[in-house]
Amino acid sequence: EAVKNPRGVQIYSAALESRSVARIGLAGDLRRAIESGSLSTHFQPKVALSNDALVGVEALVRWNHPDRGLVSATDIIPVAENSGLIVALTIEVLSQSLTQLATWRAEGRQIDLAVNLSPRCLSDVDFPVEVAALLEEHAIDPAHLTLEITEGGLASDAERPLPGLQSLRDQGIRLSLDDFGTGFSSLSYLRHLPVDELKIDKSFVLNMATDASDLAIVRSIVDLARHLGITVVAEGVETEMTLNLLRDIGCDIAQGFLFSRPLPPERLDSWMAARTE
Ligand code: C2E
Ligand code: CA
Ligand code: CA
Ligand code: CA
């Protein structure tokens, strides 16, 4: 049994066969939220350290649940992953955020988009095809899209990247290793995966101004990216002191509450307008 939402995303209710009653309840609500288009996407700015320019935004999913209120991504994603809804959710977030990116670019904003990807999406044969169709629909150059993937769930056999990964890369979409440094095999992935960007996990960035070990780790990741010739992004930048350190070290891009929390598009519009005044 398949149902189609207005954007044509197929959701199979057979996928809801889960053990936990509570989870079935929430998964059912989530399925309806995806179908009815009631998930929303917030965007957080990414800023170049060389010239303070806004270079992109990261899309982060939000769910305004009728009873529970605003549900955060950390609660939504595990439910989606465990109930077979993650591909539909990701396509929904991509659809919303590419629509918004097309609007911003039409207004003359030279910004790129980053979207988070659960590893499960890479074993779905239709996923790369649907991404290509969305890029085409919104006339977005694939080079303006970065998919952020956490190393944790990637194939344990790092010598053979998941086929979906290669297909996305062949389209010209950029790949970023998210939460870099927190996994067990960060370095071995780098030998085999065609990545364009490292995103330093915020657990290293948050206290780097006061913790010598954290600073040493951030510095090493920045050097590593430099030597590999790929972009390096620091997330979790909350203070001016951290920002200055990152600039001294040679990090390319920063993201964090210092600039802005993730915001709905109309509020990010105000943020961007205030910045260029
Ligand atoms: P992430 O990709 O590592 O995203 C960064 C998280 O850190 C976001 O939480 C963001 O709000 C938060 N953050 C940003 N700046 C700061 C800061 O300066 N300080 C601190 N303390 N936190 C900061 P959020 O939105 O709750 O997302 C949590 C995680 O959920 C994300 O971690 C990502 O792994 C996942 N996620 C979010 N949206 C999606 C999605 O559409 N698809 C998938 N598959 N995963 C998503
Ligand atoms: Ca991310
Ligand atoms: Ca992170
Ligand atoms: Ca994360």
Side-chain angles (χ1 to χ4, degrees), residues 9 30 33-34 39-47 56-64 70-98 100-101 112-124 127 131 134 145-154 164 168 174-183 186 195-209 214 217-218 221 231-243 246 253-264 267-268 271:
V9 179
L30 182 58
I34 298 170
L39 290 186
S40 60
T41 307
H42 285 192
F43 298 90
Q44 188 178 36
K46 297 171 80 171
V47 174
V57 291
E58 178 178 3
L60 294 151
V61 69
R62 296 291 183 265
W63 177 16
N64 206 342
L70 201 66
V71 183
S72 79
T74 39
D75 294 322
I76 301 170
I77 299 305
V79 174
E81 284 177 341
N82 291 317
S83 56
L85 294 168
I86 190 65
V87 174
L89 178 145
T90 305
I91 292 294
E92 174 68 13
V93 170
L94 270 164
S95 169
Q96 289 187 14
S97 53
L98 286 171
Q100 187 57 53
L101 182 70
D112 291 352
L113 172 71
V115 173
N116 293 285
L117 210 63
S118 287
R120 199 156 300 197
C121 292
L122 297 172
S123 31
D124 183 297
F127 183 76
V131 177
L134 283 171
L145 176 64
T146 299
L147 296 175
E148 299 187 358
I149 305 166
T150 51
E151 50 184 307
L154 289 169
L168 292 164
R174 299 178 76 249
L175 296 179
S176 173
L177 269 190
D178 207 351
D179 295 353
F180 189 78
T182 58
S186 311
V195 297
D196 304 280
E197 180 184 286
L198 297 186
K199 196 155 186 188
I200 310 170
D201 190 66
K202 60 176 179 284
S203 63
F204 302 114
V205 176
L206 285 172
N207 301 312
M208 62 179 275
D214 287 350
I217 291 166
V218 171
I221 297 175
T231 308
V232 59
V233 181
E235 65 170 20
V237 178
E238 296 187 350
T239 68
E240 206 66 58
M241 205 184 286
T242 299
L243 183 68
L246 286 167
I253 293 169
Q255 184 182 345
F257 295 167
L258 175 66
F259 301 107
S260 168
R261 288 179 178 269
L263 297 173
R267 289 188 55 204
L268 195 64
W271 182 88

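When a ligand or atom number is given, it counts from 1 through the structure's own listing order.
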### Query
Under 4.0 Å between a Lys/Arg side-chain N and an Asp/Glu carboxylate O for Lys199 and Glu58?
yes
### Query
Has the side chain of Asp75 got a donor or acceptor atom that lies under 3.5 Å from a matching backbone atom of Val71?
no
### Task
Run the numbers for me: atoms of ligand 1, each under 4.0 Å from some heavy atom of Val93, listed by number.
41 (O)
### Message
Taking a cutoff of less than 4.0 Å between a non-hydrogen atom of the residue and any ligand atom, is Arg62 in contact with ligand 1?
### Response
yes
#### Entry: Interatomic spacing from CD1 in Ile200 to CG in Asp178 - rounded to 0.5 Å
11.5 Å
### Message
Just to be sure I read this right, does ligand 1 sit under 4.0 Å from the backbone of Ser118, its side chain, both, or neither, counting only heavy atoms?
### Response
both
### Query
With distance as the sole test, does Ser118 use its side chain to make a donor-acceptor pair with the main-chain N or O of Cys121 at under 3.5 Å?
no
### Task
Indicate yes or no for a side-chain donor-acceptor contact from Ser97 to the backbone of Val93 under 3.5 Å, with no hydrogens or angles considered.
yes
### Query
Just by modelled atom types, is the Ser260 backbone N or O under 3.5 Å from a matching donor or acceptor in the Gln44 side chain?
yes
### Query
Charged N to carboxylate O below 4.0 Å: is that the case for Arg174 and Glu197?
yes
### Min N/O separation Gln44 to ligand 1 under 3.5 Å
yes
### Task
Verify, without hydrogens or angle tests, whether Thr90 (side chain) and Ile86 (backbone) share a donor-acceptor contact under 3.5 angstrom.
yes
### Side-chain (Trp271) to main-chain (Phe259) donor-acceptor, under 3.5 angstrom
yes
### Message
Between Asp196 and Leu175 (side chain of the first, backbone of the second, donor and acceptor by atom type, cut-off under 3.5 Å), is there such a pair?
### Response
yes
### Query
Given that the side chain starts at C-beta and the backbone is N, CA, C, O, which of these parts of Val115 lies under 4.0 Å from ligand 1, counting heavy atoms, or is it both or neither?
neither
### Query
Can an N or O of Phe257 be found at a distance shorter than 3.5 Å from an N or O of ligand 1?
yes
### Message
If I consider every N, O or S atom in Glu235, which one ends up closest to the Ca ion (ligand 3)? I only need its name.
### Response
OE2
### Query
So which N/O/S atom does Asp179 have closest to the Ca ion (ligand 3)?
OD1
### Task
Compute the angle centred on the Ca ion (ligand 2) spanning OE1 of Glu148 and OE2 of Glu58, and express it rounded to 10 degrees.
90°
### Query
Gln96 side chain to Leu39 main-chain N or O, any donor-acceptor pair under 3.5 Å?
yes
### Query
Does any non-hydrogen side-chain atom of Asp112 lie less than 4.5 Å from one of Leu145?
no
### Message
Tell me whether Thr74 has any N or O atom under 3.5 angstrom from an N or O of ligand 1.
### Response
no
### Query
Going by the order shown, which atoms of ligand 1 are within less than 4.0 Å of some heavy atom of Asp179?
3 (O)
## Note on the structure
Among N, O or S atoms, Asp178 approaches the Ca ion (ligand 2) most closely through OD2
### Message
Could you tell me, atom by atom, which parts of ligand 1 come under 4.0 Å of a heavy atom of Pro262?
### Response
11 (O)
### Message
I need the atoms of ligand 1 closer than 4.0 Å to a non-hydrogen atom of Gly256, numbered in the order shown.
### Response
15 (N), 18 (O)
### Message
At under 4.0 Å between heavy atoms, is it the side chain or the backbone of Glu235 that contacts ligand 1, or both, or neither?
### Response
side chain
### Task
Under 4.0 Å, heavy atoms only, figure out whether ligand 1 is touched by the backbone of Val61, its side chain, both or neither.
both
### Message
In the structure I gave you, are the side-chain heavy atoms of Thr41 and Leu60 within less than 4.5 Å of one another anywhere?
### Response
no
#### Entry: Region of Asn116 engaging ligand 1 - heavy atom pairs below 4.0 Å
both
### Message
Tell me whether the Ca ion (ligand 2) has Ser176 as a neighbour, meaning an N, O or S atom of it below 3.0 Å.
### Response
no
### Task
Could you tell me which N, O or S atom of Asp201 is nearest to the Ca ion (ligand 3)?
OD1
### Query
Is the backbone of Thr182 close enough, under 3.5 Å, to the side chain of Asp179 for a donor and an acceptor to pair up by distance?
no
### Task
Spell out, as yes or no, whether a donor-acceptor pair under 3.5 Å connects the side chain of Gln255 to the backbone of Lys46.
no
### Query
Which is it for Arg261 and ligand 1 at heavy atoms under 4.0 Å: side chain, backbone, both or neither?
neither
### Query
Of the listed options (Leu258, Thr182, Leu60, Val205), which comes nearest to atom 31 (C) of ligand 1 when hydrogens are ignored and any heavy atom counts?
Leu60
### Summary
Short version for Asp178: what comes under 4.0 Å of ligand 1, heavy atoms counted, is side chain
### Task
Going by heavy-atom distance to atom 6 (C) of ligand 1, choose the closest among Glu92, Lys202, Arg120.
Lys202
### Message
What I want to know is whether Thr90 and ligand 1 share at least one N or O pair that is separated by under 3.5 angstrom.
### Response
no
### Message
Which of the numbered atoms in ligand 1 are under 4.0 angstrom from any heavy atom belonging to Glu58?
### Response
2 (O), 4 (O)
